[in-house]
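Each chain gets a letter, A, B and so on, in the order its sequence line appears, and its residues count up from 1.
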Amino acid sequence: MSSQLNEEQRSAIHHIDTPLLVLAGAGSGKTRVITYKIAHLVKNRVLLPEHITAVTFTNKASREMKQRVDKLLRGIDTKGLHISTFHTLGLRIIRREKSRLGLRSGFTIYDQQDTLSLIRELLRKDFGGKTDLEDYIRWKISGWKNSSLTAEQVINNSTDTKEYTAAQIFLKYDQCLRTYNAVDFDDLISLPAQLFSRDEQTLSGWQQRIRYLLIDEYQDTNTAQYQLIKLLLGDRKGLTVVGDDDQSVYGWRGAQPENIDLLLEDFPDLRVIKLEQNYRSATNILHIANTLIANNPHKFEKRLWSSIDRGEKIRVLGSRNADHEAQKVVSRILHHRFRTNLPYSDYAILYRGNHQSRPFERVLMEHQIPYKLSGGTSFFERGEVKDIMAYLNLLVNPDNDTAFLRVINTPRRGLGPGAMEKLTGFATERGVSLFSGCYESDIRDHLGKKACIGLSNFCDWINSISERVSRGDSMAAIREMINDIQYRQWLDRQYPDPNIAESRWRNIEELLDWLERLDRKNRQNSLAQQLNHITLMDILDRQTEDDNSNAVNLMTLHAAKGLEFNHVYMVGMEEELLPHRNSIPDSLEEERRLAYVGITRARKSLTFTHAATRRRYGELLACEPSRFLEELPNDYLEREGEQQESAEEKKERGNAHLANLRSILTE
DNA sequence: GACCGTGGCTTTTTT
DNA sequence: AGCCACGGTC
């Protein structure tokens with residue numbers, strides 16, 4: 001197996017005496033080092049599989065890593081080997097240590113939407129609804145948690161009133177989560193980190209369990225994650241991290257590429273290995289990638305080289321507008337495929353924002369070309385899926401007030417905002433959840449008779465279903481629950497268009513199918529565990545289980561990280577899009593890295609496209625080609641459809657300029 | 001409580 | 001342009 005590795009890769013795999021940092025350029029075999037290292041550790045019995053934990057940042061990456069390790073270790077028992085995302089590792093720790101964290105079994109994971117609605121609720125209670133604060137506060141709380149800070153720690157350190165308000169909400173927010181028996185995404189990292197730093201005994205238990213830790217995409221770690229890594233390692237040596245500071249694109253969610261420097265400071269015996277040979281891209285592609293990223297400042301000098309041939313020139317395609325851009329790209333793919341007969345999965349269309357996929361989806365659909373869409377409005381953000389998920393969460397954790405409020409009057413039970421206002425006040429006063437509040441003996445003194453009957457019917461009903469769930473056949477109980485509430489009929493009433501109602505119902509069936517499959521796969525897991533699992537996953541994770549491997553890949557640049565494709569189309573290469581308008585001028589370096597990530601996904605060919613006009617919020621705008629295109633060496637590029645502007649394009653551009661002027665004048 | 005129309009907001013990236 | 005929340009009407 002080691003014959004397939006170069007010298008640096010081999011030494012990275014065999015080095016286990018001290019902590020190891022692998023600085024690996026794009027396409028230099030980063031994941032290969034981790035997977036081969038795991039295989040080496042297991043095969044040569046350096047460690048038991050159960051003592052090895054490997055961590056990635058996305059579900060996709062972790063699934064891929066699992067598959068590759070399985071392949072290398074075919075026939076060998078890997079029981080207990082843990083490969084997961086950072087957040088799933090956190091969940092694993094929290095599940096085992098829940099009693100030390102003030103959580104009970106059946107706890108719920110709040111996603112951003114849940115988080116936002118809880119913050120909104122708190123703001124409404126305290127400030128009568130200053131809605132302009134909620135985004136700021138959510139961002140602030142998340143930032144604090146990413147730095148592993150608690151509300152108590154930040155409340156006395158706020159520099160202005162706005163921050164102080166956020167800190168106060170933070171305190172209440174965390175108290176609420178504990179009452180609701182819930183944690184949020186950020187807690188999955190910060191709670192274990194905080195627990196380990198205050199409880200040595202628990203920590204040492206986990207150090208026994210995790211004796212070798214491997215981290216992929218290390219440049220994306222935030223402060224809390226680094227703290228967790230450091231605590232788990234202690235003064236031991238079992239750590240391999242692999243990263244590339246040129247591919248750090250998660251600064252906005254707290255990633256600290258400086259954590260690479262911290263390793264050098266914190267571990268004096270750290271070994272550093274650089275991987276500089278690229279095995280992925282044609283030399284032309286690699287060259288423009290190097291040229292672009294050279295415009296960013298660098299701490300670690302890295303020179304990526306490759307022995308693959310030059311390949312074709314890089315194409316730059318101009319187009320009139322987003323639809324025209326999509327037509328051009330799709331027709332290129334069709335022609336290319338006609339000549340080469342490659343599978344559709346060899347092609348990828350990469351863009352900055354999810355909304356950019358729409359025109360491409362339309363054109364691909366028109367041509368009946370199969371495509372696979374990553375990201376976008378997540379399955380679990382859909383209202384109907386949220387409804388049913390809320391019901392399911394309530395079954396395993398009735399104290400989850402956010403779920404309670406979501407479903408109490410959906411479908412209508414005559415328990416409207418008025419009654420809920422009273423119930424919330426009552427429950428807050430008692431310091432209990434809404435559900436428990438309904439069972440307080442004197443609730444009748446605080447709410448109307450009708451509301452009390454409705455609530456007690458509802459709670460009894462939830463209890464009866466949840467009893468059936470815990471007795472065994474959870475799927476049957478769930479289906480009956482959905483039948484009880486007549487959800488299908490509710491959808492029909494909500495959406496007069498039968499097609500829409502039907503498609504929403506299909507989403508519910510898909511959710512149930514998925515649950516059923518999970519249930520069959522992991523019989524020993526409780527419904528609560530399955531739900532936690534699902535919250536951390538995405539529908540993509542089941543799509544890819546299906547066979548649509550012969551499909552064009554559509555995804556954001558962020559989602560493309562860690563992947564590679566033979567033929568890559570980077571679309572929307574325009575100012576305000578890449579670099580994104582909100583990143584100008586402060587985060588240009590990260591935007592440049594994002595472009596770098598996109599370019600280095602390509603193996604054989606790379607095509608950039610940009611449009612002369614684009615609609616934003618229905619308004620026509622003139623667009624300029626991205627500055628990043630200007631930074632590329634012209635001799636490597638082949639420009640088409642942009643030098644000589646056609647009459648039609650001129651007209652279109654003129655229209656856009658007029659529209660711009662008009663909007664300026666009317667402002 | 002159901003059904004409609006208007007108006008406001010959206011689009012940065014993910015666990 | 002499209003989605004959703006809100007308010008008015010029945």
Side-chain angles (χ1 to χ4, degrees), chain A residues 55-62 84-91 109-115 120 131-132 135 139 142 145-146 183-190 217 220-222 224-225 247-255 321-323 350-359 362 374-378 380-383 409-418 489-490 492-497 500 532-538 540-541 555-562 572 576-584 586-587 590-591 593-595 597-598 614-621:
Chain A
V55 177
T56 63
F57 276 81
T58 63
N59 291 311
K60 200 184 272 173
S62 113
S84 77
T85 62
F86 242 115
H87 288 82
T88 303
L89 171 64
L91 176 61
I109 300 171
Y110 268 36
D111 66 17
Q112 296 107 311
Q113 276 186 44
D114 299 327
T115 294
R120 244 179 229 155
T131 46
D132 58 319
D135 284 329
W139 175 76
S142 178
K145 290 193 175 185
N146 286 335
V183 297
D184 66 19
F185 272 138
D186 298 319
D187 284 336
L188 292 174
I189 310 295
S190 65
E217 308 277 15
D220 291 331
T221 49
N222 62 35
Q225 284 162 334
Q247 291 186 67
S248 163
V249 291
Y250 285 104
W252 50 274
R253 69 168 202 207
N321 54 43
D323 291 325
L350 309 182
Y351 37 78
R352 176 69 234 260
N354 283 307
H355 63 284
Q356 287 172 261
S357 69
R358 285 184 173 268
R362 260 200 297 268
S374 299
T377 318
S378 161
F380 292 99
E381 284 164 30
R382 316 194 79 108
N409 215 23
T410 308
R412 302 280 174 261
R413 292 188 181 87
L415 294 164
Q489 291 82 338
W490 159 256
D492 287 338
R493 254 175 292 138
Q494 288 298 295
Y495 306 102
D497 181 341
I500 293 180
N532 285 346
H533 194 63
I534 275 184
T535 308
L536 293 182
M537 286 285 186
D538 201 274
L540 308 168
D541 298 313
M555 67 187 80
T556 62
L557 290 162
H558 283 88
K561 197 158 74 128
E576 312 250 296
L577 221 43
L578 184 68
H580 192 271
R581 56 207 305 266
N582 298 352
S583 305
I584 303 173
D586 294 332
S587 310
E590 182 151 317
E591 296 291 302
R593 289 194 290 269
L594 207 44
V597 165
R614 211 173 273 277
R615 275 180 191 284
R616 197 174 68 218
Y617 311 142
E619 207 180 4
L620 201 63
L621 288 174

Whole angstrom value for the distance that separates C1' of C:dA1 from CG of A:L621 | 13 Å
Base, sugar-phosphate, or nothing for A:E590, non-hydrogen atoms under 4.0 angstrom?
-> nothing
Identify, with sequence neighbours excluded, every residue that meets salt bridge (Lys or Arg N to Asp or Glu O under 4.0 Å) alongside A:R615.
-> none
What pairs with A:R253 under salt bridge (Lys or Arg N to Asp or Glu O under 4.0 Å), at least two apart in sequence or on another chain?
-> none
Could you pick out which residue, A:R581 or A:R413, lies toward the 5' side of DNA chain B when each is mapped onto its nearest nucleotide?
-> A:R413
Could you give the CD-to-C1' distance, from A:Q247 to B:dT13, as a whole number of Å?
-> 15 Å
Hey, does the side chain of A:N354 come within less than 4.0 Å of B:dT14's phosphate (OP1/OP2), counting only N and O?
-> yes
Let me know the distance between CD of A:Q356 and P of B:dT13, rounded to the nearest Å.
-> 9 Å
Please give, in whole Å, the distance from C:dA1 C1' to A:N321 CG?
-> 14 Å
Sequence neighbours excluded, which residues qualify as salt bridge (Lys or Arg N to Asp or Glu O under 4.0 Å) partners of A:D187?
-> A:K145, A:R178
side-chain N/O A:T58 vs B:dT15 OP1/OP2, d < 4.0 Å = no
Could you check how far CG of A:N222 sits from P of B:dT14, rounded to whole Å?
-> 17 Å
Sugar-phosphate only, base, or nothing, as touched by A:F57 at under 4.0 Å among non-hydrogen atoms | sugar-phosphate
Listed by chain and number, what are the salt bridge (Lys or Arg N to Asp or Glu O under 4.0 Å) partners of A:R413, not counting sequence neighbours?
-> none
Separation of B:dT14 atom C1' from A:D186 atom CG, nearest Å, is 11 Å
Over how many whole Å does the gap from A:M555 atom CE to B:dT13 atom P extend?
-> 15 Å
ring-ring contact (aromatic ring centres under 6.0 Å, His included) against A:Y250, all qualifying residues, sequence neighbours excluded | A:W252, A:H558
Measure all distances between protein nitrogen or oxygen atoms and nitrogen or oxygen atoms of nucleotides 3-11 of chain B, and list the pairs falling under 3.5 Å.
| unit_1 | atom_1 | unit_2 | atom_2 | d |
| --- | --- | --- | --- | --- |
| B:dT11 | O2 | A:H355 | NE2 | 3.1 |

Under 3.5 Å, is there a donor-acceptor pair between the A:D186 and A:S142 side chains?
-> yes
Going by an N to O cut-off under 4.0 Å, is there a salt bridge joining A:R593 and A:E590?
-> yes
Length of the line joining A:H87:NE2 and B:dT14:C1', which is rounded to integer Å = 9 Å
